[in-house]
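In what follows, every heavy atom counts, from backbone to side chain, and hydrogens, waters and symmetry copies are set aside. As the structure is a prediction and not an experimental result, all values here were calculated from the model. In what follows, every chain begins at residue 1, and chains take the letters A, B, ... in the order their sequences are listed.
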Amino acid sequence: MAKLTPKDIDSKIAAGLDESGDWIKVGMSTCGMAAGAGEVFSTLQQEAKKRNLEVRIKKCGCQGMCYAEPLVEVHCAGLPDVVYGRVDKETAIKILEKHISAKTLVNDNIYEVRTRRQA
Amino acid sequence: METDRKIILLADTEQSQQDKLRDFYTSFANQIKDKGLEDAVSLVRASDIGIYGKGFAVKILPRGIVYTGVKESDIGAIIDASVKGQGTVERLLFSEEPKQIRIVLRNCGVIDPESIDEYIACRGYGALKKILSGMNPAGVIEEMKKSGLRGRGGAGYPTWMKWKFTRESQGDRKYVICNADEGDPGAYMDRSVLEGDPHSVIEGLIIAGYAIGAGMGYMYIRAEYPLAVERVKKAIGQAYECGLLGKNILGTDFSFDIDIRLGAGAFVCGEETALIASIEGKRGTPRPRPPYPSVSGLWCKPTAINNVETLANVPYIIMEGGDKFALIGTEKSKGTKVFALTGKVRNSGLVEVPMGITLREIVFDIGGGMLGDKPIKAVQTGGPSGGVIPVDQLDTPVDYENLQKLGSIMGSGGMIVMDESDCIVDIAKFYLGFCVEESCGKCAPCRIGGYQMLNLLNGIAEGSGSLEDLDKLRRVALAMQRASLCALGQTAANPVMSTLRYFEQEYREHIVNRKCRSHKCRSLMTYSIIQDKCKRCRVCVINCPVNAIEGDREKGFFIDVSKCVKCGKCFEVCKFQAIAKE
Ligand SMILES: Cc1cc2nc3c(=O)[nH]c(=O)nc-3n(C[C@H](O)[C@H](O)[C@H](O)COP(=O)(O)O)c2cc1C
Ligand code: FES
């Protein structure tokens with residue numbers, strides 16, 4: 001990567017975080033990894049590919065809700081942002097099939113719902 | 001797209017009983033169907049909606065209305081008012097300001113910690129740019145003074161003063177160090193910050209270096225945190241590539257380098273003078289202060305040493321201004337504190353709260369209350385240098401001074417919630433035992449005093465203590481506090497002192513009645529067979545490792561107390577709950 005100038009920093013900050021499109025973030029810090037986030041992450045990647053879903057699977061750090069790891073945040077057009085907790089392989093697939101494809105939320109694993117951002 | 005569909009979330013805010021919630025869900029779904037609304041809404045069961053102890057909760061999106069204490073009989077009214085219509089059912093409405101504020105954890109769980117671009121997109125390195133294009137070091141220190149930020153590593157020393165003294169000290173070279181040794185049992189705030197947002201700590205360290213006039217910084221990370229080390233390494237590499245570290249940062253004449261040093265897992269190496277010795281390649285033992293590191297630190301040069309969380313606050317303060325930061329918190333303790341909430345609490349995890357919040361709010365409103373709804377006994381803060389705070393002090397606002405008044409300390413942020421099954425003597429033994437293990441052995445008060453106190457505690461837990469032991473404990477504690485070389489020894493007795501202060505009765509029960517009310521101290525337990533419940537199946541007889549259970553099927557079975565080693569095996573294996581444990 002090239003060296004940044006002060007101007008570059010200003011323009012990157014002005015552009016903000018690219019949260020466009022549908023995405024899924026998996027908490028991949030020690031607490032998440034210990035609870036199985038690694039497997040959830042690779043399941044999401046593989047299964048999304050299999051189903052030709054256009055969704056970015058991303059990593060992030062610990063949100064703080066360690067009791068409910070692995071945590072997965074889902075951003076999908078038309079739905080509020082949802083944090084799912086205690087996600088295993090099975091739930092990960094449900095998230096892709098229900099939340100991303102069918103646009104309905106998955107029962108029994110919701111730990112936080114963020115009020116909808118205006119896209 | 002089905003964007004106009006309303007989403008209705010249902011949650012049980014008591015200790016989650018999925019069955020009850022399922023019934024509630026079914027009734028709700030039926031009534032929606034009866035009213036012909038099934039195409040207009042989708043109904044979802046949530047596990048947690050951040051509200052606790054308020055019965056069933058219903059949240060309706062996109063408006064975000066929340067109802068609590070909802071009974072089956074209220075469902076109709078809610079559907080009519082807020083699903084069909086645009087109104088609300090006033091009497092069930094719930095509203096509350098969020099209790100957590102995210103400054104230190106602002107990016108944790110938001111950005112990809114391995115991407116410098118995402119950090120910058122969230123205003124990262126904006127503070128570095130700001131100081132390099134128009135704030136002199138004195139200006140930076142002034143901003144820190146306005147913020148009132150105090151060290152988050154334990155002692156709570158004002159960060160601006162530490163920086164000012166280091167800046168004013170004479171020396172051809174100066175150093176800054178980030179203390180990421182985090183050795184308190186149960187604490188992992190710093191690990192999460194390093195793993196979730198490493199650049200914020202790096203940026204804080206660069207700013208500290210600029211403020212005090214240092215050209216070199218070290219990150220001292222404990223080797224047991226491999227993922228943190230990996231992410232910090234990667235982040236440092238990225239910062240070099242982008243010209244945010246190294247020579248002529250952002251095209252100015254400020255140059256700064258960072259290197260990582262790994263701590264080998266000794267608790268005492270988190271103490272600043274021991275940490276410095278460790279970086280110098282010497283044995284990690286503390287030395288007397290003064291001189292303080294700000295005068296003579298690493299390689300005898302002026303050195304500012306700050307904790308991870310302290311540094312993660314710095315970019316925020318520079319970007320947003322010290323005044324804004326100082327709006328949060330109490331008079332003498334500004335900003336937020338991250339705690340690692342663990343123990344007998346429903347939601348263990350990291351919480352970031354404004355200073356001045358009460359322990360009760362942390363445990364019940366954020367932590368979701370006690371596991372199994374058992375009564376709370378006490379909260380331990382400050383780890384092995386801290387103390388326990390009893391239940392009648394839970395409404396005290398949390399800040400440096402208040403916790404100290406209560407005989408504990410803020411510490412680095414471990415917070416362990418206890419219920420009646422936790423024995424006070426056992427807890428004191430655990431923390432003191434930790435300090436005895438970790439004592440560097442250099443000074444006698446800590447090395448010998450700690451060992452003697454632990455012996456006394458062991459005696460009490462085994463039923464061979466006497467009431468004079470309590471005075472002895474107090475006397476030795478005082479000697480350790482006054483005469484130990486470093487804060488490890490000076491504070492090692494705190495857990496014993498604070499438990500004695502609030503729970504002396506429980507110590508006395510161990511000594512006088514030879515009873516441990518929490519059934520934790522093994523030696524004080526007696527096992528016996530409840531004859532009415534005993535089915536004479538002989539399972540306990542077969543399992544007892546010392547053949548202490550005698551008798552036969554006709555006369556019944558009895559435990560010979562003189563042979564019993566109190567292993568608890570009979571209690572575990574009995575299918576009929578016929579073994580009594582007292
Ligand atoms: C035994 C002992 C262990 C310590 N462990 C740590 C630690 O793990 N992390 C930390 O930041 N400070 C620790 N400290 C406190 C440091 O000595 C020092 O006060 C702190 O790093 C200063 O940073 P601050 O002003 O930002 O809080 C420890 C102190 C003692 C006596
Ligand atoms: S280790 Fe510091 S006083 Fe004992």
Side-chain angles (χ1 to χ4, degrees), chain A residues 1-19 25-33 58-69 71 73 76-80 82-86 98 102-116 118-119, chain B residues 1-3 7 9 11 18 25 42 44-50 59 61-62 64 100 105 107-114 116-118 120-126 128-129 132-133 188 191-193 195-197 225 227-228 238 241-244 250-251 338 340 346-352:
Chain A
M1 198 185 278
K3 304 231 170 209
L4 298 175
T5 63
K7 259 209 185 110
D8 294 336
I9 299 218
D10 286 340
S11 56
K12 276 171 185 271
I13 289 179
L17 201 57
D18 173 19
E19 305 222 274
K25 281 182 200 169
V26 185
M28 303 275 272
S29 286
T30 296
C31 45
M33 297 300 276
K58 308 177 15 152
K59 289 181 190 176
C60 66
C62 167
Q63 304 219 0
M65 297 191 286
C66 308
Y67 62 98
E69 293 280 3
L71 289 166
E73 183 178 350
C76 178
L79 291 173
V82 173
V83 179
Y84 290 102
R86 303 208 160 102
K98 288 189 143 183
K103 309 230 177 295
T104 56
L105 307 191
V106 179
N107 271 325
D108 298 327
N109 283 83
I110 296 177
Y111 280 79
E112 196 177 331
V113 177
R114 312 237 157 103
T115 331
R116 187 206 310 242
Q118 288 331 115
Chain B
M1 207 165 293
E2 308 149 79
T3 36
I7 295 174
L9 292 164
Q18 287 301 342
Y25 178 91
S42 59
V44 192
R45 287 189 301 272
S47 292
D48 193 327
I49 56 170
K59 184 171 187 172
L61 297 170
Q100 298 208 50
L105 302 176
N107 292 327
C108 285
V110 177
I111 62 167
D112 178 350
E114 299 186 2
I116 192 170
D117 280 330
E118 292 206 5
I120 298 176
C122 292
R123 299 163 65 78
Y125 291 109
L128 181 62
K129 191 223 110 184
L132 291 181
S133 51
Y188 59 99
R191 185 189 75 201
S192 283
V193 174
E195 288 178 353
D197 190 18
Y225 284 175
L227 190 60
Q238 291 169 340
E241 278 175 34
C242 294
L244 298 166
L250 289 175
V338 182
R346 180 169 157 192
N347 301 340
S348 44
L350 289 188
V351 303
E352 182 171 355

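- With respect to chain A, the highest number of heavy-atom pairs below 4.5 Å among Leu105(B), Asp197(B), Val110(B) belongs to Val110(B).
- Under 3.5 Å, the side chains of Asn347(B) and Tyr111(A) contain no donor-acceptor pair of N or O atoms.
- Options Val82(A), Asp10(A), Asp18(A), Val106(A) differ in how many heavy-atom pairs under 4.5 Å they form with chain B, and the most are formed by Asp10(A).
- Here the CZ atom belonging to Arg191(B) is positioned 6.0 Å from the SG atom belonging to Cys31(A), to the nearest 0.5 angstrom.
- In this structure, Lys12(A) contributes its side chain and Asp117(B) its backbone to no donor-acceptor pair below 3.5 Å.
- Using a 4.5 Å cut-off between heavy atoms, Leu227(B) touches chain A through its side chain atoms alone.
- With values rounded to the nearest 0.5 angstrom, Glu114(B) atom CD is found 13.0 Å from Lys58(A) atom NZ.
- In this structure, chain A has no heavy atom under 4.5 Å from any part of Val338(B).
- With a 4.5 Å cut-off on non-hydrogen atoms, Leu9(B) touches chain A through its side chain but not through its backbone.
- Heavy-atom pairs under 4.5 Å with chain A were tallied for Gly349(B), Ser42(B), Ser348(B), Gly251(B); the largest tally goes to Ser348(B).
- Contact annotation for Lys59(A): both backbone and side-chain heavy atoms come within less than 4.5 Å of a heavy atom of chain B.
- Scanning both residues, Leu4(A) and Leu250(B), for their nearest heavy atoms gives O-CD2, 3.5 Å.
- Note that CE of Met65(A) and CG of Leu350(B) are 11.5 Å apart. Values are rounded to the nearest 0.5 Å.
- In this structure, Ser47(B) contributes its side chain and Asp108(A) its backbone to a donor-acceptor pair below 3.5 Å.
- No part of Leu128(B) comes within reach of chain A, as not one of its non-hydrogen atoms sits under 4.5 angstrom from that chain.
- Contacts of Val26(A) with chain B are absent, with no heavy-atom separation under 4.5 Å from either backbone or side chain.
- Most heavy-atom pairs under 4.5 Å with chain B, from the set Ser11(A), Ala15(A), Gly16(A), Ala68(A): that is Gly16(A).
- Between the side chain of Glu195(B) and the backbone N or O of Cys62(A) there is no donor-acceptor pair closer than 3.5 Å.
- The minimum heavy-atom distance linking Gly196(B) with Ser29(A) is given by the pair N-OG, 4.2 Å.
- Contacts between Tyr188(B) and chain A at a heavy-atom distance below 4.5 Å involve the side chain alone, from C-beta outward.
- Taking CG of Leu105(A) as the reference point, atom CD1 of Ile7(B) lies at 4.5 Å (rounded to 0.5 Å).
- For a residue to count as touching a neighbouring chain, one of its non-hydrogen atoms must lie under 4.5 Å from one of that chain's; by this rule Val351(B) does not touch chain A.
- With a 4.5 Å cut-off on non-hydrogen atoms, Cys122(B) touches chain A through its side chain but not through its backbone.
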